[in-house]
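First comes the structure, then the notes that go with it.
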Amino acid sequence: MSEDNGNKDDKQTAAKPSNLIYGLEDRPPFIVLVLLGFQHISVLSPGIIIVVMIASIAKLSSEEAGDLIRLSMLAMGIVAILQGLKRRGVGSGYLCPGVCGPAYIGASIAACKAGGIALLCSMLTVVGFIEIFLSRIITRLKAIFPVYIIGLVVLMVGFEAVLVSVPRFLGQHSPNHFIRNESLAVSLISISAMLIPTVWSKGKLRLYSILIGLITGYAASITLGILGGDAAAVIERESWFALPRPGHFGWSFNLAYVIPFVIAALSSTLKGVGDLTMCQKINDANWKEPDMKPISQGILAYGIGNLTASFMGGLGMSSSSSNVGLSLSLCATSRVILFALGIEMIIMAFIPKVAAIFVVMPEPVMGACLVYASSYMIVAGFQLLCAKPIGVVETFVLGISLCFSLSVDLVPQLYAGIPAWMEPLFQSSLTLATILAVGLNLLFTLISSAGKKERL
């Protein structure tokens, strides 16, 4: 009873941080909403690139690849709206949209190689139901998700983003690819255009930091020859209007791929817990610990979104950490932005020519956007880790998890000979860190509980 009262007190003393221009329940003007929505879509654009990559692996025709992109955008738009609703137990009410992100890349590639998009769609049904189930019990599992583990997850999200953002920032497509001066110049121009209003502007100009960086980056890319005729041709050949074709990829279930997608769903859920916790922290100057009810509702929205993607023919979605970082950097965390983002994304799903502008985004510009947003996530992870004193148990949980998870990226050849069923655990440093941290924390908790019972 006392715990419930404590939670109520925390909610009553929730205070809008002074650095926010538009807080959680504020309503920005219409034009501001539209522009903020497009900025968040620009940060979601790497998810669209992932869809393009999966379409290539599945050997889809250009028409089918276009369908997959539009259906995935449609699903992302629906999830954004669900996340903002906060009604009837669905939606966290925090600015944390879903994206076709890295959590499902490994499992999706394996499924596409074995059975195409049809197999991937059927596996997303498993993902959706698992996330829905976890959302129903997650409030009872608070002991498994202490703040320091959530901080580790947020930190690893930032670290994992380095693998995507820095090579794009430097214009390196492979280890043997030399850094092009033009690419580096575009990256530096883009991130400078974002940082100047963020650091030195005291007014609402900060709200448009990403948009200013995007416009400047595209202009620099055209001037320096990075964005040329090929990109214009891609945009030109797309139509102004096209109806997506939901469900035409079909289904093809294979029991052998359940385990990889179950592991991916668990990792994605824990990542969602970390991102939504971060949302709570940046929206409450008096934040002390996670409120699991809105987190549960947020995970439910992602689960429904993955079921929607399964039935329509999109890719798996998880919470977008970059958008959480972006909302903090723009000082605008209003949940109303989710509706603008969702509606704009759905409209773009029916206008291929507009969507193509994001698809052809130059990699240096994309890298600058990701470095900008990821910086906030890395620092936020450290802040959550240090929110409470680190004891001996926490030291070993964090230390062991970091040692082995970072080795996945630093020395990947170490795990070349692992059994096939374990491969999904080692395809992502985030996945391994999450599994190890939760498992070790649970193990130490059980040992400690057993010791106390023996002493009694």
Side-chain angles (χ1 to χ4, degrees), residues 45-76 98-131 160 163-164 167-168 173-175 244-268 271 305-318 359 408-409 412-432 434-435:
S45 60
I48 300 173
I49 302 301
I50 289 173
V51 178
V52 175
M53 180 187 72
I54 295 296
S56 174
I57 291 170
K59 298 181 179 178
L60 299 183
S61 66
S62 57
E63 183 181 3
E64 288 178 326
D67 277 334
L68 186 65
I69 292 169
R70 289 192 292 273
L71 290 169
S72 296
M73 292 175 70
L74 193 59
M76 285 193 282
V99 64
C100 301
Y104 295 103
I105 286 181
S108 297
I109 290 174
C112 283
K113 286 180 178 179
I117 301 298
L119 179 57
L120 172 56
C121 288
S122 67
M123 291 297 102
L124 288 182
T125 307
V126 175
V127 167
F129 282 120
I130 287 174
E131 288 187 324
E160 199 167 64
L163 301 175
V164 180
R168 284 175 168 78
H173 304 283
S174 66
R245 297 184 294 167
H248 82 279
F249 290 110
W251 276 15
S252 174
F253 192 82
N254 188 330
L255 193 62
Y257 290 88
V258 169
I259 292 178
F261 277 90
V262 168
I263 293 172
L266 178 59
S267 176
S268 177
K271 178 176 177 288
N306 277 313
L307 279 182
T308 303
S310 169
F311 294 131
M312 290 197 310
L315 263 64
M317 288 177 290
S318 55
V359 173
V408 170
D409 296 326
Q413 61 269 27
L414 286 175
Y415 306 103
I418 60 173
W421 66 272
M422 291 183 65
E423 287 179 0
L425 287 173
F426 295 89
Q427 288 176 341
S428 162
S429 57
L430 170 64
T431 299
L432 187 58
T434 302
I435 298 297

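Keep in mind that this is a model prediction, so the values were computed, not measured.
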(request) Step by step, work out the side chain to side chain contact (heavy atoms under 4.5 Å, CB included) result for Leu120 and Phe261. (result) CA-CA 10 Å; Leu120 172 56; Phe261 277 90; 3.8 Å; yes
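The closest donor-acceptor contact from the side chain of Ser72 to the backbone of Leu68 lies under 3.5 Å. A donor-acceptor pair under 3.5 Å is absent between the side-chain atoms of Ser310 and the main chain of Ser122, judged by distance alone.
The heavy-atom pair separating Ala111 from Leu119 by the smallest distance is O-CD2, 3.4 Å. Across every non-hydrogen atom of Ser318 and Lys271, the tightest pair is OG-NZ, 4.2 Å. Closest approach of Met317 and Ala309 over heavy atoms only: CE-CB, 4.4 Å.
In this structure, the separation between CG on Asn306 and CD1 on Ile130 is 10.5 Å, given to the nearest 0.5 Å. If you take CG on Leu315 and CE on Met73, they are separated by 13.5 Å, rounding to the nearest 0.5 Å. The distance from atom CE of Met312 to atom CG of Leu124, rounded to the nearest 0.5 Å, is 11.0 Å.
Residues that satisfy the side chain to side chain donor-acceptor pair (under 3.5 Å) test with Ser429, not counting sequence neighbours, are Asp409.
With contacts defined as side-chain heavy-atom distances shorter than 4.5 Å, the pair Leu71/Phe311 does not qualify.
The environment of Tyr415 atom OH is dense: over 12 non-hydrogen atoms of other residues, nucleotides or ligands sit within 6.0 angstrom.
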